[in-house]
Structures are given as structure tokens and as C-alpha cells.
Amino acid sequence: MIISSPENNYDIVVVGGGMVGASFAHILSKSLISSCPNILVAEATVPKTDISNQSSFDARSTVLSFGSRQIYESIGLWEEIEEQVCPIFEIQVSDRGRFGSTCLTREEHGVEALGYVVENTDLGIVLNTQLSQSESIAHLAPAIIEKISPKEEGMTLEIVAGENRFEVLAGLVVLADGGHSPICEQLGFEQLKESYNQHAIITNATFELPHQFCAFERFTDTGPLAVLPLREFNGENRCSLVWTVSAEESAEYMKFDDDEFIAKLQNSFGNRLGKVIQVGEKFCYPLSLSLAKEQIRPSLVLLGNVAHTLHPVAGQGLNLALRDIDALVSTLSSAVTQEEPLGDMATLQSYIEEQDFDQQKFIRFTDSLTKLFSSNNQSNVITRQLGLLSLELMPAARKTFAEQAMGLVAR
Ligand SMILES: Cc1cc2nc3c(=O)[nH]c(=O)nc-3n(C[C@H](O)[C@H](O)[C@H](O)COP(=O)(O)OP(=O)(O)OC[C@H]3O[C@@H](n4cnc5c(N)ncnc54)[C@H](O)[C@@H]3O)c2cc1C
């Protein structure tokens, strides 16, 4: 439900209605239908329900894992999202100019698809439309949370919406305001940061041949290049590219005109999908690993990029955040049933303890893949080739790798 001025009190205020904040609000409200807390989502940009320009829902595409599908399915949202996705039936991993390659298939792993590629704008439209139609979630946008201060009974938030300023009290604040959070700084949260000195160049491309629902992860001299299948549109064979290059090279790549970029891409990717016909507008994202040293305080929890920002090489950032959301919602549900305050430290602590293993595992998995696959020093090249070979030859290694890539976690 879209509102223009908030009430004075909410059980939960979500700061940021991006992919993580909006998903959290939906998953919580749909999981607690009979006793749903009073929820406000405040988002700084104007959310669109047709074509989005919201920062979270930009020109990128996201690979949703099989596990994320199950989470959206459990609240009845998958039906809407499914119309926008392209399933991945096969993943081909190869190292340009060297031996070693492997191919994972859905048949081998007994799943309908290994993952689902959705354009962020399409996911934004689904989530924002649902927010605007929800009876139980108040959606205030554009609205910027300027300040959060702890109070005995929760947190007060200072909100600026156009000409108006509001002060709201929340029993629990869910901070989902992304990787550059002035609020975190204001509250004195420390972040562990490691820059990879890499940028991701993002664009969409059309190819001569259909992708046949295959995703390609190709390790090129400049860094990993992911070519992800997109759903059919206007009869074009569309794919989304995520090309990791060094920070210095990215400036050069961004200056390439379309013909220069196509030539570079064709040379690095080869002819797997025939000729590259066209590329779209290019966008550039600096890449780093950043982890909040604390993710909870009384009446406050950090979710999504503000809690952990990962390199996109393994496509895990949103998928991990969705598993965090799933765990947090089940902890909050128990608190609601037992009539305990939602911002209670013991409640939030049990959420963090439950997710700690999953977070550590996927942060390590992503960080080691990034380092292994972004370097051409001799020992990394050999480890990489042995890795690809063991994936090809050892069923147990393939199973573990595929389960991690599909975001399937044993709890
Ligand atoms: C190139 C690239 C490819 C990726 N591919 C994948 C993938 O395939 N699979 C995957 O799982 N993950 C992927 N990721 C990671 C994924 O994009 C992130 O995990 C996800 O965007 C995190 O969403 P978020 O909502 O936490 O943050 P954001 O997307 O940054 O959203 C934060 C929201 O908060 C709002 N906001 C900020 N400050 C305020 C304020 N003070 N008041 C109100 N609102 C505020 C912003 O406007 C924004 O809408 C990729 C990332 C990159 C860079």
C-alpha cells in the first residue's frame, strides 16, 4: 500500500526497498498472515511498476539459485517472477587458451534448472507492484532515512519525504540500504573491506545462435566473463554479460565503441554462440568484498549488501541475502508466536547463529573463486586447471560445486 505520510509507530521499519528490503517485507508479511506485524518500507528513489530506474533494479541481471526459487515459491511470489526468468539448463565452464573445461547439467543434478536469470528491472517491477498492492506493508517512497537513534523501546528514525520530515518509532529496524550506508557510519558500524581492484562491465548482447538455456563462465586473460541466457524477446538471442576486468582496463573497455567491444568480446568468448551481433549500453561496477563486523544490535539488523557485499563471480550476493531473510523471518515468527519483542537481542542473536555457517561458507567460496579465477600467475593457473579437471572427473567434487552454485545449504 503506497502511503504519503507514515504513522508514528511501526513494529518493523525496513530502510531501503531494493531487492533485499522489498523481498524481506514480502516474505515476512506472507509468512505471518494471521499475526502480521505493522511494517513500513521506506525507499529513497521513486519505485516504478513499469520501467524501473531504482538503483537496486538497474541494468544488471541476477542469477537466482534453485534455493531462492524455493523461497519465493513458499510465499507464492514465484509465479509472477517465473514469467520473467530464463532457466539455466546447463553451465559450461572453460579457461580461454588452456586445457580444462567442465559442463554441469540439470539432468545430472536432478533439478528442473540449475538457476534462473532475471533482469533486475523485471524483478523490481514484480516486487514493487506487490508492495503497492499489499494490504499489510506501508510503502513510503521517495523517502530518505536521514538518521536512526536507539531508544529504550526501539529505534527512532528521521525520515525526509519531499518537503516533509517525519519521526517514526520502530520496534525493529531492518537496514537494507545497500553497500554504501551513511547510516552505518553514523551508528559507528565498522566494515571489513577488501578491494579486488576489479570492475564488472555489464551489458546485454545479442548473438547469431540461440543460447539453448546454457550459461557460460569463461576465464579470459582479463578475468572471468559470464554470458547468461536471457528470456526470448522480439525473436533475438539475448544474453547478459558480466565481464570482470582490472580497474585500469575497465576505463579502456568503457571507452570502446560498439564495434571495438564486439571484436574484443568475440575474441575472448569465441564462436560458441556464433557471431556477436549487437551490444547494449555498458555499465561499470567497482568490485570489493565488504563485511559488517556486527550485523545486529538491539532493535537493529543489517541485511543484504550492507551486511555483506560479495564479488559477483559466483552469483551469490542476493541468493545468500534471501537465505538470511528466510532464517530471520522464521526467527521473528517464533518471537511473534511467543509474544516476545521483535528487537530483542536474544532473538536476533539466534538468527545470526543460525546463518553464521552459511554466510562464512559462501563468503569463502566466492572469495577463493574470485582470487583463483582472476589471476594468471602460474600457480593459480595450475590450481584452476586441476580444479576444472577434478570437477570433470570426480563426481563428489562436482556435486559439492553444483550444490554451492545452486545455493543449496544443509541447515
Ligand atoms: C555486477 C553484479 C552482478 C550480480 N549478480 C548477482 C547474481 O547473479 N546473483 C546474486 O545472487 N547476486 C548478484 N549480485 C549481487 C546483488 O546485486 C546484491 O546482492 C543486491 O543488489 C543487494 O541488494 P540490496 O537491496 O542489499 O542493496 P541495493 O541493491 O544497493 O539496494 C539498496 C536500496 O536502498 C535504498 N536506500 C539507500 N539508502 C537509503 C536511505 N537512507 N533511505 C531509504 N532508502 C535508501 C536504495 O535506493 C536502494 O533501492 C550482483 C552484483 C553485481 C555488482
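The analysis underlying the following values was restricted to heavy atoms, covering all of them including side chains, and did not include hydrogens, waters or symmetry mates. Counting starts at 1 for both ligands and their atoms, in listed order. Quick note: residue numbers are just sequence positions, from 1.
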Ala42 neighbourhood, listing ligand 1 atoms whose heavy-atom distance to it stays under 4.0 Å:
43 (C), 44 (N)
At under 4.0 Å between heavy atoms, is it the side chain or the backbone of Gln316 that contacts ligand 1, or both, or neither?
backbone
Distance filter under 4.0 Å to Met19 heavy atoms, resulting ligand 1 atoms:
17 (O), 20 (C), 21 (O), 25 (O)
Hey, is ligand 1 close enough to Val20 that some N/O pair sits below 3.5 Å?
yes
Candidate list Val118, Asn319, Leu318, test side-chain contact (heavy atoms from CB on, under 4.5 Å), partner Ser68, passing option
Asn319
Of all residues at least two apart in sequence or in a different chain, which pass the ring-ring contact (aromatic ring centres under 6.0 Å, His included) check with Phe189?
none
Report yes or no: does Ala143 have a heavy atom closer than 4.0 Å to ligand 1?
yes
Less than 6.0 angstrom from the centroid, inside 45 degrees of the normal: does Arg218 satisfy that with respect to the ring of Phe269?
no
Below 4.0 Å from any atom of ligand 1, is there a heavy atom belonging to Ala176?
yes
With heavy atoms of Ile202 as the reference, note each atom of ligand 1 found under 4.0 Å away.
1 (C)
Taking only residues two or more places apart in sequence, or in another chain, which ones meet His139 in a side-chain hydrogen bond (donor to acceptor under 3.5 Å, both in side chains)?
none
Aromatic centroids of His311 and Tyr196 separated by under 6.0 Å:
yes
I want to know if ligand 1 touches Asn120 in the polar sense, i.e. an N/O pair below 3.5 angstrom.
no
Looking at ligand 1, does any of its N/O atoms fall within less than 3.5 Å of an N/O of Tyr285?
no
Has ligand 1 got any nitrogen or oxygen that is less than 3.5 angstrom from a nitrogen or oxygen of Val63?
yes
Counting heavy atoms only, which of Gly16, Gly304, Gly21, Gly178 comes nearest to atom 30 (O) of ligand 1?
Gly178
To atom 42 (N) of ligand 1, the nearest of Leu123, Ile145, Val41 on a heavy-atom basis is Ile145
Geometry only, no angles: is Leu318 polar-contacting ligand 1 at N/O separations under 3.5 Å?
yes
Axial cation check for Phe207 ring with Arg238, 6.0 Å and 45° limits:
no
Ring-plane angle category for Trp78 and Tyr72, please: parallel below 30°, perpendicular beyond 60°, tilted otherwise.
parallel
In terms of its nearest heavy atom to atom 18 (C) of ligand 1, the top option of Thr45, Leu320, Leu287, Asn305 is Asn305
Distance-only N or O hit between ligand 1 and Ala44, under 3.5 Å
yes
For Glu112 and Arg69, run salt bridge (charged side-chain N to carboxylate O under 4.0 Å, His left out): C-alpha distance rounded to whole Å, both residues' side-chain angles, the deciding distance at 0.1 Å, then the answer.
CA-CA 11 Å; Glu112 185 199 280; Arg69 170 201 166 134; 2.9 Å; yes
Mind telling me whether Phe362 and Phe365 have parallel, tilted or perpendicular rings, with 30° and 60° as the class edges?
perpendicular
Between Arg231 and Glu83, is the closest basic N to carboxylate O distance under 4.0 Å?
no
When you compare ligand 1 with Thr62, is there at least one nitrogen or oxygen pair between them that comes in under 3.5 angstrom?
no
Could you tell me, atom by atom, which parts of ligand 1 come under 4.0 Å of a heavy atom of Ile144?
41 (N), 42 (N)
